[in-house]
Amino acid sequence: MIYLDNSATTKPHPEVLKSFEQVSTSFFANPSSIHQLGGETEKLLIKSKQQAAMLLRVHEDEIIFTSGGTEGNNIAIKGIALEHQGRGKHIITTEIEHPSVYEGCKILETLGFEVTYLPVNQDGIVSIEDIEKAIRKDTILISIMHVNNEIGSIQPIKEIGEIAKRHPKLFFHVDHVQGLGKVPLNLDNSGIDLCTMSGHKIHGLKGTGLLYCRRGVKLFPLFHGGDQEFKIRSGTENLAGAVSLVKALRLIKEREETKGVTLRELNHFLRQGLQKIDKVVVNTPEESAPHIINFSIPGLKPEVMIHTLGKQGIFISTKSACSSKDLDESRIIKACGFDQTRTKSALRVSLSYDNTKEEIKTFLSMLDIAINQLKEVME
């Protein structure tokens with residue numbers, strides 16, 4: 001099997017699975033229980049927050065454990081909107097956000113909020129000037145992803161953070177789900193108020209994630225019923241999930257340091273190989289995240305290629321996994337200004353540090369063969 005769909009989810013690391021099992025077995029008590037077992041469980045939960053904070057170089061009271069990226073994005077965006085609507089109801093985002101941000105903003109529009117969806121250029125990058133022009137007196141939130149999940153474009157988060165600093169009455173949220181462990185992002189004194197991360201994108205487990213919430217930022221809780229997670233996320237804490245998430249975070253940070261160059265080289269090898277194949281056009285810009293390459297085969301439905309390669313034990317995808325069953329066209333590729341021959345035939349290869357050059361060689365060879373076999377369908 002050659003697995004090239006790591007932006008959808010990654011294979012859990014054995015050490016992550018081991019930590020989850022150990023905690024589930026030995027620390028199964030409710031952290032809110034006042035007996036000794038509950039106390040021991042609570043101590044481990046606090047320790048997990050301390051370790052996560054250390055790895056991210058933030059304060060432990062700025063860590064909120066969640067079930068993943070979608071929940072983190074919803075808590076951040078709706079939490080700010082509902083808590084601070086008395087000051088304004090204007091939100092700024094882009095046309096290429098993940099569905100959990102994009103659809104979340106659409107829902108807020110039905111509640112009376114006004115959302116500005118900024119365009120991007122052909123490389124999928126938003127304009128700094130457009131952001132500055134879009135800010136109004138009633139703007140309360142800017143929400144822009146770090147790395148796009150479909151094409152791998154990297155937004156100028158540092159520069160946007162500097163703009164946010166000059167407007168202390170608005171908040172800046174970053175969806176860092178795809179960038180975590182591949183494209184470094186500094187949170188300390190960055191202008192970022194909220195930042196979403198997910199466990200299953202970094203060889204952690206599904207149902208785990210965290211939201212960085214800068215000290216002093218107030219959110220309206222979407223869940224009610226308890227005081228867990230600073231009253232922001234009520235419900236019995238998933239301690240085993242939290243511990244396993246921190247383990248995954250530690251491991252991915254180490255691999256980012258030791259294997260970052262190798263991943264970039266693999267990306268370059270893949271790009272060169274794709275450019276040599278007839279009928280393939282690459283949609284991902286040259287300067288992008290090291291693990292994502294999006295390409296189109298005009299005239300061919302993406303699901304046909306996905307199933308053809310799948311029969312050979314090679315797994316790639318199209319669009320975001322959250323919207324991949326909607327097989328019409330890619331909203332992201334369309335926003336970049338490409339025509340329907342590309343928006344309706346886009347495919348995504350997403351790498352991990354586990355992938356090898358030999359796997360990429362095999363993929364490129366099988367892709368070339370499959371295109372030749374499907375020429376009649378395309379023509």
Visitor: Please answer whether the main-chain N or O of Asn6 pairs with a side-chain N or O of Thr10 as donor and acceptor at a distance below 3.5 Å.
Guide: no
Visitor: Apply side chain to side chain contact (heavy atoms under 4.5 Å, CB included) to Thr66 and Ser198, showing your working.
Guide: CA-CA 8 Å; Thr66 70; Ser198 175; over 6 Å; no
Visitor: Return each pair, listed once, that meets ring-ring contact (aromatic ring centres under 6.0 Å, His included) where at least one residue sits in residues 106-130; pairs must be two or more places apart or across chains.
Guide: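 Every ring-ring contact (aromatic ring centres under 6.0 Å, His included) pair that includes a residue of residues 106-130, provided the two are not neighbours, is Tyr102-Tyr117.
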Visitor: When you check the gap from the basic side-chain N to the acidic O, do Glu358 and Lys361 get nearer than 4.0 Å?
Guide: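 Yes, Glu358 and Lys361 are salt-bridged.
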Visitor: Applying ring-ring contact (aromatic ring centres under 6.0 Å, His included) as the test, list every pair that has at least one member in residues 219-250; sequence neighbours left out.
Guide: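 Listed once each, the pairs are Phe220-His224.
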Visitor: Under a 4.0 Å threshold between the charged nitrogen and the carboxylate oxygen, would Arg214 count as salt-bridged to Glu62?
Guide: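 No.
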Visitor: Tell me, do Ser244 and Val16 make a side-chain contact under 4.5 Å, heavy atoms counted?
Guide: yes
Visitor: What pairs with Lys49 under salt bridge (charged side-chain N to carboxylate O under 4.0 Å, His left out), at least two apart in sequence or on another chain?
Guide: Glu229
Visitor: Is there a side-chain contact between His307 and Pro302 in this structure, where contact means two heavy atoms from C-beta onward sitting under 4.5 Å apart?
Guide: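 Result no, sub-4.5 Å side-chain heavy-atom pair not found.
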Visitor: Test of understanding: clusters of I, L, V, M, F, W, Y form through side-chain heavy atoms closer than 4.5 Å, transitively. Do Val243 and Leu210 belong to the same one?
Guide: yes
Visitor: In terms of side-chain heavy atoms, does Glu97 have a donor or acceptor partner in Thr94 at a distance below 3.5 Å?
Guide: yes
Visitor: Between Asp5 and Arg348, is the salt bridge (Lys or Arg N to Asp or Glu O under 4.0 Å) condition met? List the steps.
Guide: CA-CA 8 Å; Asp5 192 21; Arg348 180 186 68 184; 3.4 Å; yes
Visitor: Checking salt bridge (Lys or Arg N to Asp or Glu O under 4.0 Å) for the pair Glu83/Lys218: CA distance, chi angles, key distance, verdict?
Guide: CA-CA 7 Å; Glu83 181 68 24; Lys218 291 185 178 180; 5.9 Å; no
Visitor: List the residues meeting side chain to side chain donor-acceptor pair (under 3.5 Å) with Gln272, not counting sequence neighbours, and say none if there are none.
Guide: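 Result, side chain to side chain donor-acceptor pair (under 3.5 Å) vs Gln272: His268.
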Visitor: Do Glu60 and Lys47 meet the salt-bridge criterion of a basic N to acidic O distance under 4.0 Å?
Guide: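 Here Lys47 does not pair with Glu60 in a salt bridge, since their nearest N and O are not under 4.0 Å apart.
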Visitor: Within the supplied structure, the quantity of interest is the number of heavy atoms (other residues, nucleotides, ligands) at a distance under 6.0 Å from Phe269 CZ; does it exceed 12?
Guide: yes
Visitor: So, does His35 use its side chain to make a donor-acceptor pair with the main chain of Gly38 at under 3.5 Å?
Guide: yes
Visitor: Heavy atoms, side chains only, cut-off 4.5 Å: are Leu222 and Leu82 in contact?
Guide: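 Result yes, sub-4.5 Å side-chain heavy-atom pair found.
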Visitor: Is there a donor-acceptor pair under 3.5 Å between the side chain of Ser26 and the backbone N or O of Val23?
Guide: no
Visitor: Look at the side-chain heavy atoms of Ile, Leu, Val, Met, Phe, Trp and Tyr, link any pair under 4.5 Å apart, and say whether Phe172 and Ile63 land in one connected group.
Guide: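 They do share one cluster, since a chain of ILVMFWY contacts under 4.5 Å joins Phe172 to Ile63.
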Visitor: For Arg136 and Glu114, run salt bridge (Lys or Arg N to Asp or Glu O under 4.0 Å): C-alpha distance rounded to whole Å, both residues' side-chain angles, the deciding distance at 0.1 Å, then the answer.
Guide: CA-CA 11 Å; Arg136 310 182 326 203; Glu114 186 179 347; 3.0 Å; yes
Visitor: Within a radius of less than 6.0 Å around CD of Gln50, do more than 12 heavy atoms belonging to other residues, nucleotides or ligands occur?
Guide: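 Above 12, so yes.
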Visitor: Suppose we screen for ring pair (Phe, Tyr, Trp, His ring centres under 6.0 Å). Which residues come up paired with His90, at least two apart in sequence or across chains?
Guide: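 His90 satisfies ring pair (Phe, Tyr, Trp, His ring centres under 6.0 Å) with no other residue.
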Visitor: Are any non-hydrogen side-chain atoms of Leu44 and Glu40 less than 4.5 angstrom apart?
Guide: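 Answer no - side chains too far apart.
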Visitor: Is the backbone N or O of Ile151 less than 3.5 Å from a side-chain atom of Thr284, with the two atoms forming a donor-acceptor pair by type?
Guide: yes
Visitor: Taking only residues two or more places apart in sequence, or in another chain, which ones meet Asn73 in a side chain to side chain donor-acceptor pair (under 3.5 Å)?
Guide: Ser100, His173, Asp175, Thr196
Visitor: Do you reckon Leu347 sits in the same ILVMFWY cluster as Phe315, going by side-chain contacts under 4.5 Å, direct or chained?
Guide: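 In one cluster with Leu347: Phe315, no.
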Visitor: Quick check on side chain to side chain contact (heavy atoms under 4.5 Å, CB included): which of Ile64, Val217, Leu187 does Tyr212 satisfy it with?
Guide: Leu187
Visitor: Could you go through the side chain to side chain contact (heavy atoms under 4.5 Å, CB included) check for Asn149 and Val177 one step at a time?
Guide: CA-CA 8 Å; Asn149 53 298; Val177 169; over 6 Å; no
Visitor: Hey, are the side chains of Asn148 and Met145 touching, using non-hydrogen atoms and a 4.5 Å cut-off?
Guide: yes
Visitor: Salt bridge or not between Asp188 and Arg57? Use side-chain N to carboxylate O under 4.0 Å.
Guide: no
Visitor: Please determine whether residues Phe28 and Leu17 belong to a single hydrophobic cluster, defined as Ile, Leu, Val, Met, Phe, Trp and Tyr linked transitively by side-chain heavy-atom distances below 4.5 Å.
Guide: no
Visitor: Under 3.5 Å, is there a donor-acceptor pair between the Ser7 and Gln178 side chains?
Guide: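 Ser7 vs Gln178: donor-acceptor pair found between side chains.
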Visitor: Name the residue from Leu239, Leu45, Leu211 that meets the side chain to side chain contact (heavy atoms under 4.5 Å, CB included) definition with Phe65.
Guide: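 The single option meeting the side chain to side chain contact (heavy atoms under 4.5 Å, CB included) with Phe65 is Leu45.
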Visitor: Considering residues at least two apart in sequence or located in another chain, which fulfil the side chain to side chain donor-acceptor pair (under 3.5 Å) criterion with Ser330?
Guide: Glu150
Visitor: Under 3.5 Å, side chain of Gln51 to main-chain N/O of Ser48, donor-acceptor pair present?
Guide: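 Side chain of Gln51 to backbone of Ser48: no pair is present.
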Visitor: For Thr318 and Ala346, indicate whether the former's side chain and the latter's backbone hold a donor-acceptor pair under 3.5 Å.
Guide: yes
Visitor: With sequence neighbours excluded, give me every side chain to side chain donor-acceptor pair (under 3.5 Å) pair touching residues 248-259.
Guide: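 Applying side chain to side chain donor-acceptor pair (under 3.5 Å) to every pair that reaches into residues 248-259, excluding sequence neighbours, yields Arg255-Asp354.
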Visitor: Could you note down all residue pairs passing ring-ring contact (aromatic ring centres under 6.0 Å, His included) where residues 174-207 supplies at least one of them, sequence neighbours left out?
Guide: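 Every ring-ring contact (aromatic ring centres under 6.0 Å, His included) pair that includes a residue of residues 174-207, provided the two are not neighbours, is His146-His176.
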Visitor: Give a yes or no on whether a salt bridge exists between Arg331 and Glu95, defined as a side-chain N under 4.0 angstrom from a carboxylate O.
Guide: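 A salt bridge is absent here (no side-chain N lies under 4.0 Å from a carboxylate O).
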Visitor: Ile144 and Leu108: same hydrophobic cluster, using ILVMFWY side-chain contacts below 4.5 Å?
Guide: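 Different clusters: Ile144 never reaches Leu108 through Ile, Leu, Val, Met, Phe, Trp or Tyr contacts under 4.5 Å.
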Visitor: As a quick check of understanding, evaluate side chain to side chain contact (heavy atoms under 4.5 Å, CB included) for Cys336 and Asn121, giving each step before the final call.
Guide: CA-CA 6 Å; Cys336 293; Asn121 62 19; over 6 Å; no
Visitor: Partners of Asp61 by side chain to side chain donor-acceptor pair (under 3.5 Å), sequence neighbours excluded?
Guide: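 Applying side chain to side chain donor-acceptor pair (under 3.5 Å) to Asp61 gives Arg215.
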Visitor: So do Glu132 and Arg166 actually touch side chain to side chain, heavy atoms under 4.5 Å?
Guide: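 They are in contact (side-chain heavy atoms under 4.5 Å apart), so the answer is yes.
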Visitor: Donor-acceptor pairs are to be reported for all side-chain atoms of residues 155-163 against protein atoms at under 3.5 Å, with residues two or more places apart or in another chain.
Guide:
| residue | atom | partner | partner atom | Å |
| --- | --- | --- | --- | --- |
| Gln155 | OE1 | Val126 | N | 3.0 |
| Gln155 | NE2 | Gly124 | O | 2.8 |
| Glu162 | OE2 | Lys165 | NZ | 3.3 |

Visitor: Heavy atoms, side chains only, cut-off 4.5 Å: are Leu351 and Ile360 in contact?
Guide: yes
Visitor: After noting the C-alpha distance and the side-chain angles of Leu309 and Ile316, does the key distance pass the side chain to side chain contact (heavy atoms under 4.5 Å, CB included) rule?
Guide: CA-CA 8 Å; Leu309 291 173; Ile316 64 172; 3.7 Å; yes
Visitor: Any side-chain donor paired with an acceptor under 3.5 Å for Glu129 and Ser127?
Guide: yes
Visitor: Taking salt bridge (charged side-chain N to carboxylate O under 4.0 Å, His left out) as the definition, give me every residue that meets it alongside Glu71, ordered by chain and number, with sequence neighbours left out.
Guide: Arg233
Visitor: Using a 4.5 Å cut-off on heavy atoms from C-beta on, say whether the side chain of Leu4 contacts that of Phe363.
Guide: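 A side-chain contact exists here, since the closest heavy-atom pair is under 4.5 Å.
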